[in-house]
Amino acid sequence: MKPVKRPYELRQLLVCTNLRDPSTGKSSCGQNGAQPILEYLKKTVKERGLKGKVIVTKSGCLDICPDHGCIVGFQPEAEFFHAECTSEEADALLTRLTAGL
Ligand code: FES
C-alpha cells in the first residue's frame, strides 16, 4: 500500500448520517435529519459551481453525538460544526467554509 495524492486541492464536508438504534437511548445524527442536509449540501455545492473544489460525503459517527441536529466536519482543516439540519444553516455553513475558494 502506498499513499496517493489528489491531482488538485479538494475540501471535504463530512456529514455524519449515523443512524443509531433508538433503543440505546442515545441520539444520532441520522435520527436528527442529517440525510436531507447531506443531499441539500451536495445539490448546493453543484449549484454554486464548487464541484471539483468541495466534495460532500456522508460519514459514520464522528464521536461528537449531539442531542439534536447533526455534526458536519470540514477537511483538511479538521473543523467540526454542530448544525441544526436546516437548509438555512447549511447555506450559512457552506458560505463560511468556502469563502475565498
Ligand atoms: S451520531 Fe453523529 S457524531 Fe455520533
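Below, all heavy atoms of this structure are taken into account, side chains as well, without hydrogens, waters or symmetry copies. Counting starts at 1 for both ligands and their atoms, in listed order.
With respect to Glu39 and Lys43, no salt bridge is recorded, no charged nitrogen being found less than 4.0 Å from a carboxylate O. Salt bridge status for Arg11 with Glu77: present, with a side-chain N to carboxylate O gap under 4.0 Å.
Near atom 2 (Fe) of ligand 1, less than 2.8 Å away, sit the protein N, O or S atoms Cys16 SG, Cys29 SG.
For Arg96, there are no salt bridge (Lys or Arg N to Asp or Glu O under 4.0 Å) partners at least two apart in sequence or on another chain.
For the residue pair Glu89/Thr86, the side-chain donor-acceptor check at 3.5 Å is not satisfied.
A donor-acceptor pair under 3.5 Å is absent between the side-chain atoms of Gln12 and the main chain of Phe74, judged by distance alone. With Thr17 contributing its side chain and Lys58 its backbone, the two residues share no donor-acceptor pair below 3.5 Å.
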